[in-house]
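Excluded from the calculations below are hydrogen atoms, water molecules and symmetry mates; all remaining heavy atoms, backbone and side chain alike, are included. Only a predicted model underlies this, so the values are computations on that prediction, with no experimental measurement involved.
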Amino acid sequence: MPNELSDDLITLEEFEKLLKIGHSTAYRLLNSGEIKAFKIGRCWKIPKAAVSEYISRKSKLIL
């Protein structure tokens with residue numbers, strides 16, 4: 001089970017690469033709550049599902 005859970009989370013760096021965004025934009029999205037995520041110590045942990053939901057919301061606005 002621990003591996004399954006960790007496979008569902010990505011790091012800040014992976015998040016930035018996935019969306020092709022910079023640090024400032026990533027921190028803005030996370031700190032504003034647009035992307036549901038949490039911190040363990042100083043490290044952000046971002047559920048892949050939260051990123052998918054964000055992309056879906058944004059793509060609906062464009063259409």
Report all side-chain donor-acceptor pairs from residues 31-46 shorter than 3.5 Å, counting only partners two or more places apart or in another chain.
residue : atom : partner : partner atom : Å
Asn31   : ND2  : Tyr27   : O            : 3.1
Ser32   : OG   : Arg28   : O            : 2.9
Ser32   : OG   : Leu29   : O            : 3.2
Ser32   : OG   : Glu34   : N            : 3.3
Lys36   : NZ   : Gly33   : O            : 3.3

Say whether, by atom type as modelled, one donor and one acceptor occur between the side chain of Thr25 and the main chain of Gly22 under 3.5 angstrom. no
Applying side chain to side chain contact (heavy atoms under 4.5 Å, CB included), can you list everything that pairs with Leu19, at least two apart in sequence or on another chain? Phe15, Ile21, Val51, Tyr54, Ile55
Sequence neighbours excluded, the answer for side chain to side chain contact (heavy atoms under 4.5 Å, CB included) partners of Glu14 is Ile10, Thr11
